[in-house]
Enquirer: 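Got a structure for you, questions after.
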Protein chains: 2
Amino acid sequence: MTQDRERRPTLDTIAQRVGVSRATVSNAYNRPDQLSGALRERIIATAKQLGYAGPDPVARSLATKQAGSVAFMLCDGLSSAFSDPALSIMLDALSSTMDTGERSLLLLPGVSGDGPRAQSVMRAQTDVVVAYSLPDNAPALEAVRARDLPLVVVDQPFVPKSARVRVDDRGGAYLAAKHVAGLGHRHVGIVGLGLSADGVGGPVSPQRIEQAHFEVTLDRLAGYREALGEQGILADAVPFWEAPGNAREMGREGARWLFGLEPRPTAVLCMSDELALGAIRAANELGLSVPGEVSVVGFDDTPAASWADPPLTTVRQDLVAKGRQAGELALRMLDGARPGRPVTIGVDLQVRGSTAAVV
Amino acid sequence: MTQDRERRPTLDTIAQRVGVSRATVSNAYNRPDQLSGALRERIIATAKQLGYAGPDPVARSLATKQAGSVAFMLCDGLSSAFSDPALSIMLDALSSTMDTGERSLLLLPGVSGDGPRAQSVMRAQTDVVVAYSLPDNAPALEAVRARDLPLVVVDQPFVPKSARVRVDDRGGAYLAAKHVAGLGHRHVGIVGLGLSADGVGGPVSPQRIEQAHFEVTLDRLAGYREALGEQGILADAVPFWEAPGNAREMGREGARWLFGLEPRPTAVLCMSDELALGAIRAANELGLSVPGEVSVVGFDDTPAASWADPPLTTVRQDLVAKGRQAGELALRMLDGARPGRPVTIGVDLQVRGSTAAVV
DNA sequence: AGCCACGACTGAAGCGCTTCAGTACGATGG
DNA sequence: CCATCGTACTGAAGCGCTTCAGTCGTGGCT
C-alpha cells in the first residue's frame with residue numbers, strides 16, 4: 001500500500017541547486033550570521049521553491065545527539081491520568097517551563113497502573129525523562145536506568161541517581177489530621193490512595209501496608225497517624241479504606257464503607273480532593289450533613305476544592321511550582337548537572353467549609 | 001557545564017567485542033530469526049555487560065525513515081486542554097489505538113488558542129500529525145503542509161488533502177434545540193464556544209460571526225437556529241453569548257448575562273457540558289431552579305453530565321469512537337492511504353433532569 | 001608594501017543505525 | 001557425485017544532517 005512519494009529534497013538538493021556547499025545551506029538555517037544575507041535569502045527562496053521545509057528533525061537529532069524532547073511517564077492511561085486535575089496543572093506548568101519551541105513533550109502513558117512498557121521507553125527518542133508518581137517496581141524505571149537517561153522523579157518513588165521533586169506529604173497529612181483532632185473529632189476515618197498498582201481497593205490490612213509500592217500513600221498515612229496519635233487516637237482505631245485510583249467515585253465508595261462502621265466516624269481524611277469530593281457526595285446521599293455531622297478534609301487543593309459545596313478544607317500543595325521545578329530540574333540534568341538533593345514543595349492547610357467542631 | 005560521560009557503546013562496540021559484523025548485532029535485536037540462537041544470546045549478553053541498551057532510537061529512525069511517533073496538536077496549553085474532559089477521553093482512545101509500544105505520542109500544546117508554534121511543528125520528530133479543533137488560521141497547519149506530513153483533523157477546521165473525523169455538530173445542536181422548543185420554551189438563550197482564538201467573549205455581534213475561525217461553533221449555532229426557526233423563533237430573538245473557552249466558569253458568566261435579559265430565557269442551550277454545568281450553577285446562585293424555572297442543555301455527554309445535579313440533558317457524542325477513528329485514520333495515512341471522505345461520528349440526545357416543560 | 005584580522009564559504013569526518021546483495025558452507029535430493 | 005538450496009553471516013552503501021578545521025580573498029593598519 002505504501003505510496004512512494006517522490007524523493008524529498010534534502011540539504012544537498014538545495015546546495016547543488018544554489019551552487020554552494022551543504023554546510024552553507026545548513027548554516028542558512030542554523031547560523032544566519034555565518035553567511036551573507038543575500039546568499040541566505042537565495043537559499044531560503046530556492047528551498048521554498050523546491051518544497052524543502054528545513055532540516056529534517058531526525059537527522060538533525062542524530063548529528064547533534066540531542067533528541068529534543070522530554071519524555072513524561074505516568075502510571076495510567078491518559079483518561080484516568082487527566083481526570084486527575086492535579087496532574088493537568090502540574091503538567092501544564094512543566095510543559096510551559098520547558099517549551100521554548102525547541103523541545104517537545106513525549107507522553108508515555110502507563111498500561112495498567114504499572115507505568116509505561118519497558119519497550120516504550122527503550123524506543124523513545126528523548127534526552128531526559130520525568131516520571132510522575134510511579135510505583136517503585138515500575139519496569140519503565142529499570143528501562144530508564146538501562147538507557148542511562150537523566151531522570152527526574154516527581155512525588156515517588158525514590159530512584160538512585162535521579163533528581164526529585166516531592167511534596168511534604170507527611171507534613172501535610174499531619175496538618176490535616178491535627179486540624180480535625182483539634183476540632184474535637186475522635187472517630188476519624190481515612191480514605192487513602194493506592195498502596196500498590198494492582199487495582200485492589202477496600203479496607204486495608206497491615207500486611208498490605210507492609211508490601212506497599214506507593215510511598216506517597218505511606219507518607220500521608222504516617223502523617224495522619226502521627227497527629228492522631230498525639231491525641232491518643234491509636235492507629236488501630238482509625239479505619240482506613242484504600243481507593244484503587246484517584247477518582248471521585250472511589251472516594252464515594254470508601255466513605256460509604258466508613259459511614260457504615262460502628263462507631264461512625266465524624267471526620268474523614270481523604271488523600272486527595274477528588275476522593276474528598278466523593279466522600280462529601282456519599283455523606284449527602286446518606287443524609288449526613290457536611291460539616292454538620294461529618295467533617296471532610298482533602299489533599300491537593302485543586303480548583304474544584306474551592307468550588308465545592310461546601311468548599312473543601314484541604315491541604316494545599318503548589319502544583320504549579322511542582323511542575324516548574326520538575327521542568328527546571330530536567331533542563332538542568334540535560335546540561336549534565338548532578339541530581340542534587342530532592343526539592344520539596346511545601347504545603348499548608350486551607351481551612352474552608354467542610355470541617356467543623358464535633359457536636 | 002556539560003559533563004562528558006564516557007563514550008557510550010554502539011552497535012560497533014558490541015560487534016567488535018563479540019567478533020561479528022555490525023549487521024549481525026543489528027539483527028540480534030531486530031530480526032532474531034536471522035541468526036542462530038546461540039550467537040544471539042552471546043550478543044545480548046555482551047551488550048548487557050557493556051551497558052548497551054539496544055539500538056539508539058534516533059539513529060534507527062534516521063535509517064528507517066520512521067520517526068515512530070504521532071504528534072498531537074491542540075489549541076491551548078495543557079491545563080486548559082485537559083480540563084476539557086471530552087479531550088481526555090478522546091485522547092485516551094486515540095493513544096490506546098495507536099500504542100503498540102512502538103509508537104509514542106508527541107504532544108504539541110498550543111500557545112494562546114492559536115495552536116502550537118510553527119517552529120514546534122518544524123522540529124517535531126513525527127510521521128503523522130493529528131490536529132484537534134484548531135482555528136482555521138492556525139500557523140501550525142501551514143507548517144504541517146510545508147513539511148508535507150500526513151494530517152488527521154479532528155473536529156475542525158477543513159484542511160485540503162487531510163483526513164478528518166468530525167461530529168454531526170449541526171445535527172446534534174438541532175436535536176437539542178428541538179427538544180427545548182418541543183417543551184414549549186420560546187425564550188431561549190445560547191452559551192456558545194469560541195468563534196475565534198482571540199480570547200474574546202461576551203454577547204456576539206453578527207460581524208463576529210462572519211469572521212469566525214471555529215467551524216464547530218458555527219455548525220452548532222446553525223443547528224440551534226434551524227430548530228428554533230422551525231418553531232418561528234427568529235435568530236435575532238435568540239441571545240447568544242460567546243465563551244472564550246470551554247470552562248465552567250465561563251458558562252456561569254454567560255448564563256448570568258442571559259438571566260439578566262428581558263425577557264429572561266427559560267431555556268439555555270450550551271455548546272458543551274462544562275458550559276452547561278456553569279450555567280446551572282449561575283441559575284442556582286440567582287435562585288432559579290433547574291429545571292423548574294430554567295432548562296439547561298449541554299453538549300458532549302461527558303461523565304460529569306450524568307453526575308450533575310440535576311443530571312444534564314445533553315447531546316451525546318461518542319468520544320471513544322472519535323479517538324479510535326482518529327487513531328485508525330492516522331495509522332492508515334502512515335501506510336500511505338489517501339485521506340478519503342470525512343468520518344462523521346453520530347450524535348443523539350440524552351434527555352435527563354435538567355430540562356422540563358415550560359410552565 | 002607587508003602583515004594581520006576578518007568575513008564568507010568549503011571539505012570531510014562523523015552521528016549510530018538498517019538493509020540488501022552477496023558469500024560461504026553444510027545439508028539435501030536425484 | 002554434482003547441482004541445488006537454505007542457513008548464517010558479512011560488506012558496504014546509505015539515511016540527512018552538523019561541525020570544525022581550514023581556505024581564500026579583502027580591507028585596514030602601520
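The chains referred to below are lettered A, B, ... by the order of the sequence lines, with proteins before strands, and numbering in each begins at 1. All values below come from the heavy atoms of this structure, side chains included, with hydrogens, waters and symmetry mates left out.
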Enquirer: Take the protein atom CG of A:D56 and the nucleotide atom C1' of C:dC15, then report the distance between them rounded to whole Å.
Expert: 14 Å

Enquirer: Going by distance alone, is a donor N or O of one side chain under 3.5 Å from an acceptor N or O of the other, for B:Q125 and A:S61?
Expert: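 Looking only at side-chain atoms, A:S61 and B:Q125 do form a donor-acceptor pair, the distance falling under 3.5 Å.
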
Enquirer: Between A:R40 and A:N27, is there a side-chain donor-acceptor contact under 3.5 Å, judged purely by atom types and distance?
Expert: no

Enquirer: How many Å lie between CG on A:L11 and C1' on D:dG16, as a whole number?
Expert: 7 Å

Enquirer: Do side-chain atoms of A:S196 reach the backbone of A:D198 as a donor and acceptor pair under 3.5 angstrom?
Expert: no

Enquirer: Closer than 4.0 angstrom, basic N to acidic O: yes or no for B:R22 and B:D12?
Expert: yes

Enquirer: What's the closest nucleotide to the side chain of B:N27 if the choices are D:dG16, D:dT10, D:dT18?
Expert: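 Selected nucleotide (nearest to the side chain): D:dT10.
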
Enquirer: Measure from the side-chain heavy atoms of B:K65 and tell me the nearest of D:dG11, C:dT10, D:dC15.
Expert: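 So the nucleotide nearest the side chain must be D:dC15.
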
Enquirer: Identify whether any heavy atom of A:L35 sits under 4.0 Å from a base atom; if not, whether one sits that close to sugar-phosphate; answer base, sugar-phosphate or nothing.
Expert: sugar-phosphate

Enquirer: Just checking A:R40: base, sugar-phosphate only, or nothing, at a heavy-atom cut-off of under 4.0 Å?
Expert: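 If one applies the 4.0 Å heavy-atom cut-off, A:R40 turns out to touch nothing in the nucleic acid.
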
Enquirer: Nearest to the B:S21 side chain among D:dC17, D:dT18, D:dG11, which nucleotide is it?
Expert: D:dG11

Enquirer: Within the 4.0 Å heavy-atom criterion, would you say B:Y29 contacts the bases, only the backbone, or no part of the nucleic acid?
Expert: nothing

Enquirer: For B:V58, which contact category applies under a 4.0 Å heavy-atom criterion: base, sugar-phosphate, or nothing?
Expert: nothing

Enquirer: Scan A:T24 against the nucleic acid and name what it touches under 4.0 Å (heavy atoms): base, sugar-phosphate only, or nothing.
Expert: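 Here A:T24 touches the bases of the nucleic acid.
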
Enquirer: Would you say B:S26 places a side-chain N or O within less than 4.0 Å of OP1 or OP2 belonging to C:dT19?
Expert: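 No, outside the criterion.
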
